[in-house]
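Just so we're on the same page: letters track the sequence lines, and every chain starts at 1. Only a predicted model underlies this, so the values are computations on that prediction, with no experimental measurement involved.
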There are 2 protein chains.
Amino acid sequence: MHSPAELATQFRSMGRKLTPQRQLIFSLLHNNETHPTAENLYGIASAQMPGISLRTVYQTLNELAEMGELQLIDLGEGGMRFDPNVDDHHHAVCGVCGKIRDVHVKGAASLKPNDAGDFMVSDVGVVFRGKCSDCESRAVKRSPVLQAKVSKK
Amino acid sequence: MHSPAELATQFRSMGRKLTPQRQLIFSLLHNNETHPTAENLYGIASAQMPGISLRTVYQTLNELAEMGELQLIDLGEGGMRFDPNVDDHHHAVCGVCGKIRDVHVKGAASLKPNDAGDFMVSDVGVVFRGKCSDCESRAVKRSPVLQAKVSKK
DNA sequence: GTCTAATTTGCAAGTCTTGCTAACTAACAA
DNA sequence: TTGTTAGTTAGCAAGACTTGCAAATTAGAC
Ligand SMILES: [Mn+2]
Ligand SMILES: [Mn+2]
Ligand SMILES: [Zn+2]
Ligand SMILES: [Zn+2]
């Protein structure tokens, strides 16, 4: 995603308005590596701008996505995640806490399906599933009792 | 996924009943490579067993998934897809018609994130996005004007 | 300041999936 | 065969997430 200032320029040049709501959302996304949901962003935005609506957050995110400034990631758990990083990269998803981490994968771009007939590949995505280091150390440190409790759910 | 007969045995050994609804769903999934949604299966099932409920389809699919007999795939468009193929394989998704095709990827299992700290990888998934051959030939046969428009992008 | 098209809000509605429970039935024993 | 009962189904309500809609608001231009 471009910087908030650049996005501002871009929006204006498209005949769009630069509202405080949009500015706030731009700033919340800038350098944001948490892969937040719309609800996540709404929560943070509300703290700084009480009254902003979830609808506006969705609206702005969709606009940015259409402009190619955001990447959408769907993990099949909870809502869509929004990624301001549109450079070539991939993701590692923790099955315990759900956090998504950016990763780079050497040789990913040259991966090819070896039995896909005439399928024309335009994009390759790699997702690693597993456990993040935070969850790993937490699991070790916790009492076996708590552990049992958690895994039940 | 195991064969319908094997699933039947497995269900019974778990103290579960072998109902006609379950048997039908087992048979619809057997060797099914279409990656159907619950609604897709419900449609087909209804033709053979009028009155079967969508709720039961979901229920059975979830049971099979918990038993490790099905893989769930979420593409962020429409509903969850259910894949009875739980062997190591990957997917190519057509952005035009939405069809998912199984593909094998040489070296996928050995892919590693090169900057993921202590993330413990337990599974790697590769998704190719692009256009399937059906949609490609369909595009060629249609007006060249439309085609130029598309290929520009 | 005035004007107006773009934007924001709040709520209704849509899509997909799950919770709940009364009615039903497969499985088993007598 | 019949009775028993724990497991299952069907139907509908409700939950989670996202979008449609339209009245009220406002950024940006003149
Ligand atoms: Mn990312
Ligand atoms: Mn598959
Ligand atoms: Zn984690
Ligand atoms: Zn296609």
- Note on the structure: With sugar-phosphate taken as primed atoms, P, OP1 and OP2 and all else as base, the protein-contact string of nucleotides 25-30 of chain D at under 4.0 Å (heavy atoms; B, S, -) is -BBS--
- Nucleic acid footprint by protein, nucleotides 12-24 of chain D - heavy-atom cut-off 4.0 Å, B for base, S for sugar-phosphate alone: B----SSBBB---
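The side chain of S53(A) contributes no N or O atom lying less than 4.0 Å from OP1 or OP2 of dT8(C).
Within a 6.0 Å radius of CG in N114(B), other residues, nucleotides and ligands contribute more than 12 heavy atoms. Within a 6.0 Å sphere centred on CD of Q10(B), other residues, nucleotides and ligands contribute more than 12 heavy atoms.
Side-chain contact check for T60(B) versus Q21(B): every heavy-atom pair is 4.5 Å or farther apart. Between Q71(B) and N85(B), the closest side-chain pair of non-hydrogen atoms is not below 4.5 Å.
Spacing between atom CG of L41(B) and atom P of dT17(C) amounts to 11 Å, rounded to whole angstrom units. Taking atom CD of E63(B) as the reference point, atom P of dT8(D) lies 6 Å away to the nearest angstrom. Remark: P of dC16(C) and CG of L72(B) are 15 Å apart, rounded to the nearest angstrom. Atom-to-atom, CZ of R22(B) to P of dA10(D) comes out at 11 Å; the value is rounded to the nearest Å. Summarising the geometry, the separation between OH on Y42(B) and C1' on dG11(D) is reported as 10 Å, rounded to the nearest angstrom. Taking atom CG on L24(A) and atom P on dT9(C), their separation rounds to 10 Å, with Å as the unit.
When all heavy atoms are compared, the tightest approach of L18(B) to A8(B) is CD2-CB, 3.6 Å. Among all heavy-atom pairs drawn from Y42(A) and L54(A), the shortest one is CE1-N, 3.3 Å.
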- Could you walk me through whether N40(A) and H35(A) pass the side chain to side chain donor-acceptor pair (under 3.5 Å) check? CA-CA 9 Å; N40(A) 291 156; H35(A) 305 87; over 6 Å; no
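Out of dT8(C), dT8(D), dA10(D), the shortest distance to the side chain of T56(B) is found at dA10(D).
Judged by distance alone, with hydrogens and angles left aside, the side-chain atoms of R22(B) form a donor-acceptor pair with the main-chain N or O of K17(B) at under 3.5 Å.
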